[in-house]
Amino acid sequence: MAERLGIGLVGQGFMGRAHSNAWGQAARFFDLSLRPSLVQVVARNRETLPRFAERFGWQGWGGSLRSLVQNPEVDLVDIGTPNQLHASQALAALAAGKHVACEKPLARNLEEARVLRRAARKAAKRGVRSYVWFNYRRCPAIGLAYQLMREGRLGRIQEVRACYLQSWGGPETPMSWRFDRSKAGSGAHGDLNAHLVDLVRFLTGEELVRVEGAAARSFVRERSLPGARGKAKTKARSNVDELFAFFAGLSGGGLCSFEASRVASGRLNHNCLELYGTKGAFRFDLEKMNVLEFFDARLPRREQGFRRILATEAEHPWVASWWPEGHLLGYEHSFVNMAADICRELAGEEPEVPLPSFEDGYRVQAVLDAALRSARGEGKVRVRL
Ligand code: SOE
């Protein structure tokens, strides 16, 4: 009989749904010796929470964060709330001896991330684990790229081009926490460059050590307040970047460009990574998430060219737990794969691909922070790891 891993979730929004689905699906598709049990979900909106809990199969709902972190049935606290709540909620869970899986970015700024890293290191001495939902590590095509990189198939990485382009951030989008710097920390930068920085660190195995230059744009100054019709105040100030680009140097000597945008007209979820090494190259595009394009410079020149690998074979990471070859996976599978790997790691098994911890979350935040300082005029900024 498999043991259970009691999950407590905070938040019922986009990530609350993605994480609930992941915990609910993991044991249906993966053979787990530690199986998620959806114990309790808490969230601000108590009106919609019972329906949410019933739809996703939560055994209990409601109560305070305190009731959740004190619940003896809860072993892991999953934080799917807006950025401004991550630090207080993660600290409360770690202090209560619970494992934590927190949405990205880990924090709003480097100081918050430093406090969380310190708390996670202290909790780790008691066997408590901390994770950050950098879910794209668990797209099979990225998992394949990770494996090939560990085999040295690209040689020394000289150039990385990373962009995450969306187009939902125009003036017609109403105000939310994502557009308030005091709540989000930053805009597209912390939201999307966070994913790119994690993927570059993860795939190259190198650190980003210095930001060489950065620039940002905020195109939208105010946004309509949802449900404010007829009220005195109908608009709120939007004070985050819609576009943030920067260059950073890798510890191995290579140079990376990063570009995050919420106003790239026509781009819906264009998370695109290109790695260029001395022996080959990769290209990944989330909008074609099952494909890894691979250029192998070791082939005879007449046979060279970018190959399109459909990472849907049983040999590719996580795929054997899903469908026969060629049947494709989607966005939600990256979260299920991560939930399954967290269960595996907490059961003492070694996942095929490393899980992102609060240490990784901190190191991502350190790069984001250096880029913000560079964009504010500090020029070349060393990353404070
Ligand atoms: C932004 O819209 C967003 O939801 C990010 O916050 C997520 O991290 C990304 O996976 C999809 O886009």
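For clarity, every value in this text was computed on a predicted model and none was experimentally measured. Atoms within each ligand, like the ligands themselves, are counted from 1 in listed order.
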Check ligand 1 against W168 and write out every atom of the ligand that is under 4.0 Å from a heavy-atom position of the residue.
-> 2 (O)

Look at the rings of W133 and F335 and say which category their plane angle falls in: under 30° parallel, 30 to 60° tilted, over 60° perpendicular.
-> tilted

Looking only at protein heavy atoms, identify the closest one to [atom] and say how far it is in Å.
| atom | answer |
| --- | --- |
| atom 11 (C) of ligand 1 | Y164 OH, 3.5 Å |
| atom 1 (C) of ligand 1 | D191 OD2, 3.1 Å |
| atom 4 (O) of ligand 1 | F14 CE2, 3.3 Å |
| atom 12 (O) of ligand 1 | Q166 NE2, 3.0 Å |
| atom 10 (O) of ligand 1 | Y136 OH, 2.7 Å |

Establish, from distance only, whether the side-chain atoms of H189 and D241 form a donor-acceptor pair under 3.5 Å.
-> no

Using heavy-atom distances, let me know which of E103, R178, H195 sits nearest atom 7 (C) of ligand 1.
-> H195

Which heavy atom in L9 sits nearest to a heavy atom in L68, and how many Å separate them?
-> O-CD1, 3.6 Å

Return yes when Y331 approaches ligand 1 closer than 4.0 angstrom through a heavy atom, no otherwise.
-> yes

Look at the side chain of S374 and the backbone N and O of G379, then say whether any donor-acceptor pair between them is shorter than 3.5 Å.
-> yes

Do K104 and ligand 1 have an N or O pair less than 3.5 Å apart?
-> yes

Partner residues of W318 under the ring pair (Phe, Tyr, Trp, His ring centres under 6.0 Å) criterion, sequence neighbours left out = none

Do we get R150 above Y146's six-membered ring, with its NZ or CZ under 6.0 Å from the centre and within 45° of the axis?
-> yes

Answer yes or no: is there an ion pair linking E242 with R217, defined by an N-O contact shorter than 4.0 Å?
-> no

Please work out whether any backbone atom (N, CA, C, O) or any side-chain heavy atom from C-beta onward of F134 is under 4.0 Å from ligand 1, and answer side chain, backbone, both or neither.
-> neither

